[in-house]
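FYI, side chains are in, hydrogens and waters are out, and symmetry mates aren't considered; it's all heavy atoms of this structure. Each chain gets a letter, A, B and so on, in the order the sequences are listed, and its residues count up from 1. Given the structure is predicted, the values throughout are model-derived calculations rather than measurements.
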Protein chains: 2
Amino acid sequence: MAKTDERVKPSRRPTIRDVSQLAGVSRMTVSRVISDPDLVLPATRQKVASAIADLGYVPDRAAGSLASRKTGFIALMLPTLTNANFAAVAHGLTEVLREANYQLLIAYTEYDMAEEERQLRNLLARRPEAIVLTGATHSKAASKLLLSADVPILEIADLPNHPIGHVIGFSNQEVGRTAARYLINKGFTRIGAVGATVEGEVLDHRGEERMRGFEDELRYAGLSTDAVVRHGKAPLSYDHGAAAIGVLLDKAPDCEAVFAVSDLSAVGVLMECQRRGISVPDHLSVIGFGDFEIGRIINPPLTTIHVDFNGLGQRTGKTIVELLKRGVSSETGRVDVGLSIIERKSVKA
Amino acid sequence: MAKTDERVKPSRRPTIRDVSQLAGVSRMTVSRVISDPDLVLPATRQKVASAIADLGYVPDRAAGSLASRKTGFIALMLPTLTNANFAAVAHGLTEVLREANYQLLIAYTEYDMAEEERQLRNLLARRPEAIVLTGATHSKAASKLLLSADVPILEIADLPNHPIGHVIGFSNQEVGRTAARYLINKGFTRIGAVGATVEGEVLDHRGEERMRGFEDELRYAGLSTDAVVRHGKAPLSYDHGAAAIGVLLDKAPDCEAVFAVSDLSAVGVLMECQRRGISVPDHLSVIGFGDFEIGRIINPPLTTIHVDFNGLGQRTGKTIVELLKRGVSSETGRVDVGLSIIERKSVKA
DNA sequence: CAAATTCATGGGACCGTTAACATGCGAGCG
DNA sequence: CGCTCGCATGTTAACGGTCCCATGAATTTG
């Protein structure tokens, strides 16, 4: 073995300094090759590139972030990841941000308000360049933290009355109203709904808003809201739907049509009906919300209210990129992505 | 308005220096209050705490990371987030890491190998303290990058033959074999399977391994593998199952039992059978993999092979924490979390 | 009671990168 | 031909924390 060099090479990770020495240029030139190669002469660029490859150099973004005051992080707060709609949002968001070289920092609160502030602090300590929130009710402290972060804040998947930042979403109340109108127009009069109870410090109020919108519209049409059932607690699930429809039918056996605040529950309703020999849609019509994949494949296929969550995520991503690149967004501060009814077979014609 | 101070307070974020000045202590003391309060006298701690609150100070982890050489990041590479099992892994992992104050950095590759290295570089630039990979086939370059990162590497949800780090997973081949043995023991002889084709640079080979294990066991029992159908491409979906069972039945109309490499496909199979009037399990038995929630609720409930993905994530998290705190793990380098058959009604007794 | 030890706090260097400005050189121009 | 300009590259000083060691006071010890 050769005698070790006087300046023994430590087995630590190579830094930009090591690269610059090997390539015979300054650190700054290496930095430029990485972040904006056009500023560097092709010949130099080449030398640097091969030095990088030889050393297996990987830049340290923490150091870079500190110096440039740009972290490349975008924070996303969700109630949960184990929900196809939220996952779709995250997905669409990533697609767009990936290209612009931002890294998503995901935090989820499990619908727990106490967790929110803690998560938020952690996120903020990473100095995200923008913060995306899903329709959450923010605590006083959380709002203060958010505002003082001094970065764009985007509230998505909702249309809050008193937003603290940009809004890209849809009205959950309108979802409920739309479902009610749809069923009313079909001629049903004994109409019910299944949702979750609201108790304690629930972070996500979106389901409840859909319920309220639904009830409002029933009342507006002079119909009874007795068959609007709140059962169990969020997050909603297939089991929730199966259990809730049982409660509903006990209460209102003559119910003709039911709105489930989530397709998850709607599927549960459908399956429970199969088991009980209640024919859908002949005996009971069902409409859900969320347009989950499963709704398309079950029998009968589920009529549902669709929101383009993936597109919502993409649009949010684009807005962020605009905001950060140009300081402004082509979107106004409040965007309603709307919703649509997907008519399938679970509602009687 | 009062005349502005000579040293006008800029509206920039407060730093540890601002806090230290307001509290009348050194920066180091502030740092200690944040990272290890016990080192500081209660009275001092109190002063600092209120200075922090007054200023709304939030530490900058990028700066901290640089100085301490600890980022608090754990990297997780997944094929996709829009799969309940992977989401469950991420979920379990987060639960554990949250407590230990680590932040998960999630990257997903959409089953695309070309994307892998790019993602990996991005991740590595964030200096994660550990890297978690889901059974992926690593490119040469990717492996080199991984190794030179010099942090614990955990390969999960698989049992690779030539692991490059710790392994916490289960054998996908064994899943296939178990499914085959189960059906064979039930007395079936005309047995099929549905999975995805393998073509091009597919990152996730886990489904294919289940197919292989299944075929192996059929052969071992002297049965035909003619009804083992590879159709479409990953990621699997309900539609995949619906389409694939059509192909299978065309090929082998007398098939008695079928294994779907994913519950997603299995549910698709069940629904397509409903539509075609093929009674499950009387005419066709179905077994899936993954124990997705939907399998429990559909009719008939789906017999499936269960792996505790959430627990897998938790276990991975615990191992990481041990590794990082104590430098060793109580687990050996290779852990098989095993699997179990959940018998429901989709296989004839 | 002096010496040793512990404890709370402070001082300064340093982590790896980039912003901002400086420099040197050749091309273009009147 | 001297001057200006533009371009490629270099120099220096941060960025906001934490590590390591020093310091001085309080406490224990022989």
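Taking the ring centre of F73(A) as origin, the terminal cationic atom of R126(B) falls inside the region bounded by 6.0 Å and 45° from the ring axis.
Comparing dG16(C), dA19(C), dG17(D) by their closest approach to the side chain of M28(A) singles out dA19(C). Among the nucleotides dG16(C), dG16(D), dG10(D), the one closest to the side chain of T15(B) is dG16(D).
By the 4.5 Å heavy-atom criterion applied to side chains, Q314(A) and E95(A) are counted as neighbours. For the pair T71(B)/E129(B), a side-chain contact is recorded, criterion being any heavy-atom separation below 4.5 Å from C-beta on.
As rounded to whole Å, 9 Å separates atom P of dC15(D) from atom CZ of R17(B). Across the protein-nucleic acid pair, I16(B) atom CD1 and dA14(D) atom P stand 19 Å apart, rounded to whole Å. Taking atom CG of L41(B) as the reference point, atom P of dA26(D) lies 12 Å away to the nearest angstrom. Between the CG atom of L66(A) and the P atom of dA14(D) there is a distance of 13 Å, given to the nearest Å. Rounded to an integer number of Å, the gap from CG of L124(A) to P of dG17(D) is 13 Å. Whole-Å rounding puts the D60(A) CG to dG17(D) P distance at 16 Å. Put simply, CG on D38(B) is 18 Å from P on dT6(C), counting in whole angstrom units. Residue I34(B) contributes atom CD1, which lies 14 Å from atom P of dG16(D) at whole-angstrom precision.
In terms of position along DNA chain C, the nucleotide closest to S26(B) lies nearer the 5' end than the nucleotide closest to the other residue of the pair A67(A) and S26(B). Comparing Y57(A) and V40(B) against DNA chain C, the residue whose closest nucleotide sits nearer the 5' end is V40(B). Both S31(B) and L39(A) sit near DNA chain D, but only L39(A) has its closest nucleotide nearer the 5' end.
Side-chain N/O atoms of T29(B) include one lying less than 4.0 angstrom from OP1 or OP2 on dG10(C). Taking only side-chain nitrogens and oxygens, R69(B) comes nearer than 4.0 Å to OP1 or OP2 of dG16(C). Contact annotation: T44(B) side-chain N/O to dA8(C) OP1/OP2 distance is not under 4.0 Å. A sub-4.0 Å separation between OP1 or OP2 of dT18(C) and a side-chain N or O of S68(A) is absent.
The base of dT17(C) sits with one of its N or O atoms less than 3.5 Å from a complementary donor or acceptor on the side chain of R27(A). The base of dG10(D) lies close enough to the side chain of R32(A) for a donor and an acceptor atom to sit less than 3.5 Å apart.
There is a side-chain donor-acceptor pair under 3.5 Å between T29(A) and S26(A).
Ring centroid separation for the pair Y108(A) and H91(B) comes in under the 6.0 Å cut-off.
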